[in-house]
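Bear in mind that the values here come from a model prediction, so they are computed numbers and not experimental data.
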Amino acid sequence: MSSTPKKRGVAAFAAASLLGAMAALIPAGDAFAGTVPVGPATSTGSLGPTALGGPITQEQIIARAHDWINNAVPYSQSLAWKDAAVGGPYRADCSGFISMAWGLKDSLVTSTLPDVSTVTATNVIGFTGLQPGDALDYTADHVVLFDSWIDKSAGTFHYDAEHRPGTVADQRQGSVYASTLDGHAITNYEALRYKNVVATSASAATSPVSMDAGATHVAFVDGGGSVANDWVSNGAWQGPAGIGGKARGDSPVVLNASADHAFFIDADGNVMNDWVSNGAWQGPSPIGGKARPGSPIATNAAGTLVAFVDTNGNVVNDWVSNGAWQGPSGLGGKARGDSPLAFNAAGDHIYFIDTNGNVANDWVSNGAWQGPSPIGGKARAGSGLATDAAGTHVAFVDTNGNLANDWVSNGAWQGPSGMGGQPRGDSPLAFNAAGDHIYFIDGSGSVANDWVSNGAWQGPSGIGGKARAGSGLATDAAGTHVAFVDTNGSLANDWVSNGAWQGPSGLGGTSR
């Protein structure tokens, strides 16, 4: 089954004169081990990796593949593609597509991709050990990129590829139990895992943290991958205790304002819900839809709307109607592979980073989602994103590394303007409800604060403690409590007492 990509404008092709001269010598058909190479690539693009041929996350691989899909890059064995997101140039055939997605120095061919890979299965029939970013390689003729499982138990999956002349890069569906894959006998394919791929982050595992509006619950993922909770009772932090389910290695965990719903992504990519009933946590239960690798999750204050990024890169929404979860349904727009999502409290505005790096907004009018529309400014790779309860302030990290802000005045978006400080490359951002305090992790790992005084942003200033690589960050509605993961992996808290920041102090438990 084919999915039709939405074209995102036209980017220029870069064709080397050598390739142009030799184009007539290249046979028509699928990818071919003798294809004329392109190389070396000259840049990595905003979606990484940091260095060509260096460590790259599964999320980056998938995001890079989706860039070519979003741009409907035409198949060619003689032309090459380069853009700001993926760099290049990379030859626009099937093995060039894999070379691009993996961030290699050169456009390899089907027979040489194994040189930079580990063979995880010599025959992919029935093989369910595939992970996002793996290649399915028929070394004599063709290769595709494994994107995500549709239903692992049934063996069905999404794959991304440049297929053959006259087609463009797109996503299709396959099965490890089918007889063919993309026009070739499936028994011809072996599974390859790029030697420099890392599962989540080149530096550390993702350690999500979420705090409720009242600063009485903090959700996280423990060392065993279980979704867990610390909570306040009799004026002291209790826990941790599991609330139900295990989270995928890249999954966020998000509490609603009253901490009676917690959302996460399970190992099969399903968006899941734990909820409180009769004073106890129930679940988990799927609410609808599958999230792509690296997908964020956002919810409104009530926990009745949940946004994520689906396996095609679309920003989508599940919602409660008549007491049951509906969806998913598209809200509008495609998110960059590393984009966070930020809902306002009412759930009628959602912010994300689009595939061109613009900070964008979808909003509800007349009962329907509009947009997306840019609100001002471009976000650097890995930028955090946060909004206040009203959805009238949006913070992000600009392409120079500065913490920046867009805001609404006289009914229109203004900015961006600097707020103060430069967040660490993996730093989340956390706004309080009023939008007059924002928290981040600075370049030295310290948890820091910018705040409004006399109508202007002040700071940054450290509030106490250092966060480990990959740490989540969360604050309550008042902005007087901030949770994070310290350098020992412990859940920690800074809090305001007598007008000054105290802490950090452990809340209970160790994060993955």
Side-chain angles (χ1 to χ4, degrees), residues 1-6 47 57-73 75 86 94 97-98 100-102 120-121 124-138 142-164 167-184 186 189-194 197 199 248-251 265-271 286 288-296 308-316 327-330 334-339 355:
M1 182 179 294
S2 171
S3 67
T4 303
K6 182 177 180 181
L47 293 178
T57 67
Q58 293 174 327
E59 295 91 338
Q60 286 173 311
I61 291 173
I62 299 302
R64 290 167 69 84
H66 287 188
D67 175 72
W68 275 28
I69 292 171
N70 294 339
N71 283 288
V73 176
Y75 180 99
V86 300
C94 72
F97 180 85
I98 302 298
M100 173 278 300
W102 286 357
T120 59
V124 300
I125 280 284
F127 180 59
T128 58
L130 294 167
Q131 295 183 13
D134 287 354
L136 303 178
D137 189 23
Y138 173 23
H142 193 44
V143 63
V144 304
L145 186 78
F146 178 85
D147 186 294
S148 56
W149 289 106
I150 300 170
D151 184 342
K152 184 184 286 189
S153 63
T156 55
F157 59 89
H158 293 294
Y159 67 93
D160 307 328
E162 288 280 7
H163 304 278
R164 54 190 53 82
T167 66
V168 299
D170 67 11
Q171 182 175 96
R172 302 183 184 184
Q173 295 182 9
S175 170
V176 294
Y177 299 114
S179 59
T180 63
L181 175 64
D182 214 28
H184 299 276
I186 198 166
Y189 289 93
E190 62 184 12
L192 304 179
R193 185 160 301 149
Y194 178 43
V197 69
R248 192 169 70 180
D250 62 353
S251 172
I265 302 166
D266 75 6
D268 292 321
N270 299 303
V271 181
K290 287 185 179 281
R292 78 173 177 193
S295 171
F308 60 98
V309 181
D310 72 13
T311 55
N312 292 315
N314 299 305
V315 180
V316 301
S329 179
K334 287 183 177 282
R336 194 171 70 181
D338 62 351
S339 173
T355 54

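- Looking at heavy atoms from C-beta onward, F157 lies out of side-chain contact with D147 at the 4.5 angstrom threshold.
- When all heavy atoms are compared, the tightest approach of G337 to L47 is N-CD2, 4.4 Å.
- Using cut-offs of 30° and 60° for the angle between ring planes, the H142 and H184 rings count as tilted.
- Considering only residues two or more places apart in sequence or on other chains, F97 meets the ring-ring contact (aromatic ring centres under 6.0 Å, His included) condition with W68.
- In this structure, Y189 has no ring-ring contact (aromatic ring centres under 6.0 Å, His included) partners at least two apart in sequence or on a different chain.
- Smallest separation of non-hydrogen atoms from D182 and A161: OD2-CB, 4.5 Å.
- We find the CG-CZ distance between N70 and R336 to be 12.5 Å, quoted to the nearest 0.5 Å.
- Rounding to the nearest 0.5 angstrom, the gap separating the OG atom in S148 from the CG atom in D160 is 7.5 Å.
- Annotation: side chain of D310 is not in contact with side chain of P328 (no heavy-atom distance under 4.5 Å).
- With W102 contributing its side chain and G133 its backbone, the two residues share a donor-acceptor pair below 3.5 Å.
- Residues I62 and L145 meet the side-chain proximity criterion, which asks for heavy atoms closer than 4.5 Å.
- For the atom pair Y159 OH and Q173 CD, the distance stands at 9.5 Å (nearest 0.5 Å).
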So Y194 and I98, side chain to side chain contact (heavy atoms under 4.5 Å, CB included) or not? Walk me through it. CA-CA 10 Å; Y194 178 43; I98 302 298; over 6 Å; no

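- Judged by distance alone, the side chains of N312 and H158 never bring a donor and an acceptor atom under 3.5 Å apart.
- Remark: side-chain polar atoms of D266 are paired, donor with acceptor, to backbone N or O of D268 under 3.5 angstrom.
- A pairwise comparison of heavy atoms in L130 and W149 identifies O-NE1, 3.2 Å as the closest pair.
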Could you walk me through whether H66 and K334 satisfy the side chain to side chain contact (heavy atoms under 4.5 Å, CB included) test, starting with their C-alpha distance in whole Å, then the side-chain angles of each, then the deciding distance to 0.1 Å, before giving a yes or no? CA-CA 10 Å; H66 287 188; K334 287 183 177 282; over 6 Å; no

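- Nearest heavy atoms, G126 versus Y177: CA-CE2, 3.4 Å.
- Contact record, C94 with Y75: N-CE1, 3.8 Å, taken as the closest heavy-atom pair.
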What's the verdict on side chain to side chain contact (heavy atoms under 4.5 Å, CB included) for I265 and F308, showing C-alpha distance, side-chain angles and the deciding distance? CA-CA 10 Å; I265 302 166; F308 60 98; 5.8 Å; no

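- Residues A191 and V124 approach most closely at N-CG1, 3.7 Å, considering heavy atoms.
- With contacts defined as side-chain heavy-atom distances shorter than 4.5 Å, the pair P296/V309 qualifies.
- Q131 places no side-chain N or O within donor-acceptor distance of the main-chain N or O of Q58, the cut-off being under 3.5 Å.
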Evaluate the criterion side chain to side chain contact (heavy atoms under 4.5 Å, CB included) for residue pair T311 and Q171; output intermediate values, then yes/no. CA-CA 9 Å; T311 55; Q171 182 175 96; 4.2 Å; yes

